Amino acid sequence: MSTAAGAQPAASPSRFAAWRTRDILVTAVIGVVFGVVFWVWNNVWAAFAFLQPSVLQDWVYGMWLVPAVLAPLIIRKPGAALFAEMVAASISALLGSQWGPDTLLSGFIQGMAAELVFAATGYRRWSIGVLGAAAVASAVGAWAHDWWLYYADVSVELQALRLVVMGLSAVGFAAFGSVALVRSLRKAGVLEGFAA
Amino acid sequence: MSAAMLVPDVGPAQRDSLLGRTNPLVKLGIALAWLIGLGLTLDVRPPLVLAIVALVSGLLAGSIRPRVLLWRLAPLGLAALGIALTNLLFSTHNPDPLAAELFRVGPLRVTAEAVAAAAGLGARIIAIVSVGGVFALTSDATRLIDSLVQLAHVSPRFAYGTLAAYQAVPRLADDLATLRGARRLRGLREWHPRLLVGMLVRAIRHAEQLSIAMDARGFGSGPRSTCRPVAWTPLDAAVGAIALVILVAALLLGR
């Protein structure tokens, strides 16, 4: 490969400059682990593909929203929810190829929705209530996206039922799941130097 | 789960093909434009046209082997059928007394309008996953990240940090095998949610070692030089323009 074809400016001094290399790598790797989990989970979801009404399979939905809550809970920096969810989605799009580029769009919506909730607290409050709100916001984003792209002809009653099931699944997997994971990770001693 | 299944499957033939030489950002842009276009119509024809164009160009212009493509897309057929079935059984059209009833499933009335919409949405999913499969099988992660940094001006620290994390994917499969083996030795069930904790512990330790190594080599601390230059080419413009024309033509067909 050729060398030095052009110089890139150094990372600009924005609020993201507060990210240490360690924060970037740990967030990205959480995204990667969940990208692999998503890949397994796509098959779990597909195994229930013919259960009707579809809410009988939507109880698994929350797993896809975990990185958007887990990563910010550990890193506690602006952008962690969006970054982790996008990395996880990119594994699906690039390596696992399940839903293709739509995972990137879904990941952006799901990550951004959670991000907005954390931003509203100024990235200062990490109670189970805030985590639950972020998980539900992420589920609402996913639900709206799915209504538009996949369930465009489905009746409003079933859409409402889907929202309830997805919201509960999000709180279970993403909010309570993240708290349980952080507790286990802290016990294992890998979170030293992080706020969580 | 084997490591081989998680490693990107872009062989030299695919990389050197016409689609392989097209910038991944262009292909991603096309995929997203088509995705939004597909979201604009419930007609069955536009998604079918786009799916066929994607698959044929993947085979001819992307040098993807038919078996590899089929293997990638097969599980998605199931998901497409499942979602189409939901739209069929719970369609907004079904309770409409003016809609033509075709048959009943228990208490559910299924109408001709619902069949049309379900077919359109099933075809939409097939189109989305076909485009996704062709993108994944002709696009290299490293080139995508290089393009994001050099052409889209994404923060190099985040972009190359992500690329470094991608390298952990094959390791994760090995970690999973080790953790399952350890559980088996202890007489425990091999599949358990606690496996996720073990995977995260190993992944985070790996990330921390990697970040120390990268910091020690001055990662993100000064001006960067570029090892693999990426530039827009006439091929990118041509592929992008053709894809847009195809999208517009397919959407007009649905009118």
Side-chain angles (χ1 to χ4, degrees), chain A residues 1-12 16 19-22 24-26 28-33 36-37 39-40 42-43 45-46 49-50 52-54 83 87 90-91 93-102 104-105 148-156 158 181 184-185 188 190, chain B residues 6 8 28 31-32 35 39 42 72 75 78-79 81-83 85-87 89-92 117-118 121 128-129 131-133 135-136 141 149 155-158 161-162 164-166 168-169 172 197 199-201 203-208 210-211 214-215 219-220 222-229:
Chain A
M1 281 296 178
S2 62
T3 51
Q8 293 286 330
S12 58
F16 292 99
W19 282 69
R20 300 166 298 175
T21 305
R22 187 181 182 202
I24 295 175
L25 263 294
V26 169
V29 128
I30 289 170
V32 168
V33 170
V36 176
V37 172
W39 180 82
V40 174
N42 283 328
N43 298 325
W45 192 81
F50 293 101
Q52 296 296 339
S54 61
F83 182 37
V87 172
S90 71
I91 293 285
L94 209 55
L95 310 180
S97 179
Q98 284 277 348
W99 290 96
D102 178 45
L104 291 176
L105 184 63
W148 165 65
L149 202 57
Y150 297 126
Y151 296 103
D153 200 45
V154 166
S155 66
V156 177
L158 185 59
L181 279 174
S184 299
L185 291 175
V190 288
Chain B
L6 292 170
L28 204 55
L32 289 173
L35 185 69
L42 272 178
R72 281 282 177 130
L78 198 67
L81 278 175
I83 289 176
L85 187 63
T86 308
N87 280 287
L89 294 179
F90 302 97
S91 167
T92 45
L121 285 160
I128 291 171
V129 300
V131 174
F135 170 77
V149 171
S155 152
R157 291 181 74 217
F158 282 84
T162 303
Y166 280 163
V169 171
L172 285 177
V197 177
M199 299 253 290
L200 279 170
V201 167
I204 291 173
R205 287 214 175 109
H206 172 64
E208 300 201 323
L210 203 56
S211 71
M214 288 164 79
D215 275 339
F219 176 66
R224 291 191 70 84
S225 58
T226 305
C227 169
R228 298 173 298 262

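Each chain gets a letter, A, B and so on, in the order its sequence line appears, and its residues count up from 1. All values below were derived from every heavy atom in this structure, side-chain atoms included, with hydrogens, water molecules and symmetry-related copies excluded. Everything numeric here is computed off the predicted structure, so don't read it as measured data.
At a 4.5 Å heavy-atom cutoff, the contact between B:L35 and chain A is made by backbone and side-chain atoms alike. Proximity to chain A is limited to the side chain of B:L42, based on heavy atoms less than 4.5 angstrom apart. The contact between A:L149 and chain B is made by backbone and side chain atoms together, counting heavy-atom distances below 4.5 Å. Interface residue B:L121: only side-chain heavy atoms are found under 4.5 Å from chain A. Using a 4.5 Å cut-off between heavy atoms, B:F135 touches chain A through its side chain atoms alone. B:L200 touches chain A through backbone and side chain together, each having a heavy atom under 4.5 Å away.
No side-chain donor from either of A:Y150 and B:T86 sits under 3.5 Å from a side-chain acceptor of the other.
For the set A:D153, A:T21, A:L25, the count of heavy-atom pairs under 4.5 angstrom toward chain B peaks at A:D153. Ranked by heavy-atom pairs under 4.5 Å with chain A, the first of B:G82, B:A164, B:A31 is B:G82.
From A:I91, atom CD1 reaches atom OG1 of B:T162 across 9.5 Å, with rounding to the nearest 0.5 Å. To the nearest 0.5 Å, the span separating CZ on A:R20 from CZ on B:R157 amounts to 10.5 Å.
With contacts defined as side-chain heavy-atom distances shorter than 4.5 Å, the pair A:V40/A:V37 does not qualify. Side-chain contact between B:L85 and B:L81 is absent, with no heavy atoms from C-beta onward closer than 4.5 Å.
Closest approach of B:V201 and A:A188 over heavy atoms only: CG2-CB, 3.7 Å.
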